[in-house]
There are 2 protein chains.
Amino acid sequence: MSEKVFASAQEVAARAGVSRSAVSRTFTPGASVSAETRRRVLEAAEALGYHVNELARGLMRNESGIVCLIVSDVATPYRSHLLCELTLLLQNAGKVAMLINTDRSNGSVDRALRQAIRYRADASIILSGMPDKSIAQLCLRSGQRLVLINRDDEEPGPLRINLDDYEAAGRIVTAFVRAGCRRLAFANSEAGTPSLMARERGFVAAASALGIEVFVERHGWTGYEAGKAIAQRMLTRAERPDAVFCATDLLACGFMDTARHQFALSVPNQLCLAGFDDIEQASWSSYNLTTFAQPVSAIASKAVEWLSHPQPEDDSTSQGQSIRLHAELVWRGSIRGG
Amino acid sequence: MSEKVFASAQEVAARAGVSRSAVSRTFTPGASVSAETRRRVLEAAEALGYHVNELARGLMRNESGIVCLIVSDVATPYRSHLLCELTLLLQNAGKVAMLINTDRSNGSVDRALRQAIRYRADASIILSGMPDKSIAQLCLRSGQRLVLINRDDEEPGPLRINLDDYEAAGRIVTAFVRAGCRRLAFANSEAGTPSLMARERGFVAAASALGIEVFVERHGWTGYEAGKAIAQRMLTRAERPDAVFCATDLLACGFMDTARHQFALSVPNQLCLAGFDDIEQASWSSYNLTTFAQPVSAIASKAVEWLSHPQPEDDSTSQGQSIRLHAELVWRGSIRGG
DNA sequence: TTGTAGGCGTTATCAG
DNA sequence: CTGATAACGCCTACAA
């Protein structure tokens with residue numbers, strides 16, 4: 001008995017005494033059905049526990065309503081925040097989110113995308129650091145729309161959303177120097193993602209323009225533990241830095257904790273610190289970290305907006321669109337002055 | 001031209017010079033195809049860029065491979081951690097995760113579930129605090145399997161995974177008393193979810209058994225800010241508590257921060273603190289919080305395991321299964337002694 | 001506005 | 001092991 005679970009439009013039609021097309025139209029927004037027919041259909045549907053089968057609908061329409069979210073490090077504050085925002089907006093736009101969790105292994109994103117294709121996802125949003133080339137190719141061939149967040153791929157076709165990482169990093173140099181710091185350092189991970197590297201380059205370049213040489217350390221992966229490890233190394237150097245820009249808030253939290261608890265340094269008196277992302281923890285009073293805010297809501301809404309927009313396929317160049325958002329400096333207490 | 005995007009099994013068959021059934025079998029694990037046929041099919045598929053259409057497959061098989069994750073507060077450390085673990089295991093099990101983000105509005109979970117049904121999800125995993133009754137009804141009627149995590153619904157049918165919240169809370173009373181604390185308090189949110197309330201009841205009961213009356217404060221929602229607010233209230237009381245059990249690590253972090261930075265209290269010397277969840281931040285050296293670990297991996301694997309398991313439908317009682325996992329006390333530095 | 005007919009891409013079934 | 005055929009549940013013409 002457990003076989004026949006769902007009622008089909010067919011059965012609803014029979015019960016309502018109308019044709020199956022009438023049922024179909026009732027559940028298709030913007031179709032013409034008389035009020036009376038609609039009422040009877042709805043009643044029959046309710047009685048039978050009818051639910052539109054999106055699988056079949058997607059098959060017909062060549063449009064599944066599925067948007068694939070390809071993301072690594074889901075449990076990270078910044079990523080989960082973005083994920084949250086994205087799913088909310090997607091739902092409001094009548095789409096549904098399929099979450100694919102990629103690890104750092106090679107070809108991971110590729111496999112994920114292939115899965116998305118099998119479910120005929122209308123689009124994919126990639127917020128995963130790993131580079132995995134030829135993705136756009138795959139997407140284009142399968143008619144998927146693609147949004148790349150904080151990646152630097154030069155592939156044509158998709159929408160690319162990026163921040164002004166390079167410029168932001170420059171601005172923090174000014175802040176450090178104004179606070180009287182001269183021994184600048186940059187704490188980065190070995191992940192080497194485009195945005196991370198842009199921050200590094202921007203920081204080094206801006207300092208260099210002021211005649212300051214930056215000590216750069218790259219270590220481990222972009223998390224709290226890596227921040228601790230980097231602090232360990234940097235703060236035992238003969239020439240200890242008096243200002244450190246961390247590529248990420250998570251790194252900054254780790255850095256700050258070992259600076260304080262292990263090296264008994266006072267922030268910001270003896271050491272100025274800044275991060276990037278403005279994760280929730282940055283505002284916690286134990287850290288009170290000066291940092292750059294990822295415009296998470298803006299990123300999410302730009303992405304979903306573009307997806308909901310009817311595609312301007314006419315554009316023969318099809319070069320894709322690139323959006324550059326501003327990372328606002330959030331001034332807190334980890335840099336002197338202000 | 002942009003209409004015809006995908007090659008169908010039909011076309012692959014034509015190119016490979018076999019029947020479409022042969023193509024189907026090639027892509028169905030455990031079907032019998034000769035090596036030669038398989039090779040030719042695979043070659044043609046590759047050339048044509050063929051990808052199985054899971055929509056059509058799901059339509060036929062009455063099994064979409066989709067598992068719906070219904071979750072609120074995705075951006076929270078504990079939730080995102082669980083989400084991460086779950087999606088990973090699901091993927092390994094050959095399923096795909098559909099993420100539905102519920103807010104705290106009423107009927108939110110209900111709408112979510114309805115969406116899941118429309119996509120003919122094979123199962124739903126609910127890790128959302130909101131109670132929303134009659135969910136099991138809806139699921140059962142639609143043949144979905146259901147996993148309830150940290151909820152207390154007495155509904156029949158689904159798998160329920162819970163912790164020994166009540167007992168755990170009792171154990172922390174012992175720890176506090178052993179540390180010499182006598183003025184115990186419990187910090188809770190107003191969310192009132194079953195697990196939160198179980199912790200409260202367990203704490204109060206165990207203290208009561210020792211002749212200690214617990215001061216309970218419930219305020220706001222289960223986050224860092226609420227923890228700060230509760231600390232604000234509790235620590236200005238005439239009879240200031242010397243040990244506080246927070247229903248959640250997030251609450252504990254907020255509590256600890258205002259206790260230290262605003263009331264200049266030393267933890268654990270003047271104030272003992274404990275939390276629940278063992279989120280990553282609890283181990284950060286600024287907090288070093290003694291807390292109970294959510295067995296996230298175990299929860300996730302139990303859930304996915306049960307989902308992958310062929311359902312023992314025979315069980316006429318169909319009372320569902322209830323799994324009770326142990327929350328291990330993680331001893332750190334926020335309670336004296338140890 | 002309504003009903004009829006045909007097809008979307010797949011898998012199950014059953015002969016060969 | 002292989003190939004034809006019939007569903008699966010829906011939508012989109014087209015004709016009434």
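Heavy atoms only: backbone and side chains are in, while hydrogens, waters and symmetry mates are out. All chains are named by letter (A, B, ...) in the order of the sequence lines, taking the proteins before the strands, and each is independently numbered beginning at 1.
- A side-chain N or O of B:Ser72 and one of B:Arg79 form a donor-acceptor pair less than 3.5 Å apart.
- Proximity note for B:Ser32 (side chain, C-beta onward) versus D:dC11, D:dC8, D:dC1: the nearest is D:dC1.
- Here the C1' atom of nucleotide D:dC14 and the CZ atom of A:Arg20 are 15 Å apart, to the nearest Å.
- Residue B:Ile299 comes nearest to B:Ile161 through the heavy atom pair O-CD1, 3.7 Å, listed as atom of the first residue, atom of the second, then distance.
- A salt bridge links B:Glu43 with B:Arg39: at least one charged nitrogen is closer than 4.0 Å to a carboxylate oxygen.
- Rounded to an integer number of Å, the gap from CD of B:Glu54 to P of C:dG9 is 15 Å.
- Contacts of A:Phe27 with the nucleic acid, taken as non-hydrogen atoms under 4.0 Å apart, are absent.
- Contact detail for A:Gln91 and B:Asn101: the closest heavy-atom pair is OE1-N, 2.7 Å.
- Atom pair A:Arg38:CZ and C:dT2:C1' shows a separation of 15 Å (rounding to whole Å applied).
- Considering only the side chain of B:Ser24, C:dT11 comes nearest among C:dG9, C:dT11, D:dC10.
- Between B:Thr37 and D:dT2 there is a side-chain polar atom (N or O) within less than 4.0 angstrom of OP1 or OP2.
- With rounding to whole Å, B:Gln10 atom CD is found 10 Å from C:dT10 atom P.
- Using a 4.0 Å cut-off, no side-chain N or O of A:Arg57 falls inside it from OP1 or OP2 of D:dC10.
- In this structure, B:Asn53 atom CG and C:dG7 atom C1' are separated by 14 Å, rounded to whole Å.
- For the pair A:Gly17 and B:Ser21, nearest-nucleotide mapping onto DNA chain C gives the more 5' position to A:Gly17.
- Proximity note for B:Met60 (side chain, C-beta onward) versus C:dT1, D:dC10, C:dG9: the nearest is C:dG9.
- Of the candidate nucleotides C:dT10, D:dC1, D:dG3, C:dT10 has the atom nearest to the side chain of B:Ser8.
- A straight line from CG of B:Leu48 to P of C:dG9 spans 13 Å, rounded to a whole angstrom.
- Taking every side-chain heavy atom of A:Thr28 into account, D:dC11 is the closest of D:dC10, C:dT11, D:dC11.
- A:Thr37 and A:Ser34 share a side-chain donor-acceptor pair at under 3.5 Å.
- At whole-Å resolution of the value, NE2 in B:His51 and C1' in C:dC8 are 18 Å apart.
- Residue B:Glu36 is the one, among B:Ala56 and B:Glu36, whose nearest nucleotide of DNA chain D lies closer to the 5' end (criterion: closest heavy atom).
- With C:dT11, C:dG3, C:dG9 as the candidates, the nucleotide lying closest to the side chain of B:Arg61 is C:dT11.
- Put simply, A:Tyr119 has no side-chain N or O that comes within less than 4.0 Å of OP1 or OP2 on C:dT10.
- Residue A:Val23 is out of contact with every strand shown, counting any heavy-atom pair closer than 4.0 Å.
- Put simply, the side chain of B:Arg25 and the base of D:dG3 share a donor and an acceptor less than 3.5 Å apart.
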Pair A:Phe6-A:Tyr50, ring-ring contact (aromatic ring centres under 6.0 Å, His included): steps then yes or no: CA-CA 7 Å; A:Phe6 286 104; A:Tyr50 171 77; 9.0 Å; no
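- When rounded to the nearest whole Å, the span between CD of A:Glu63 and P of D:dC10 equals 17 Å.
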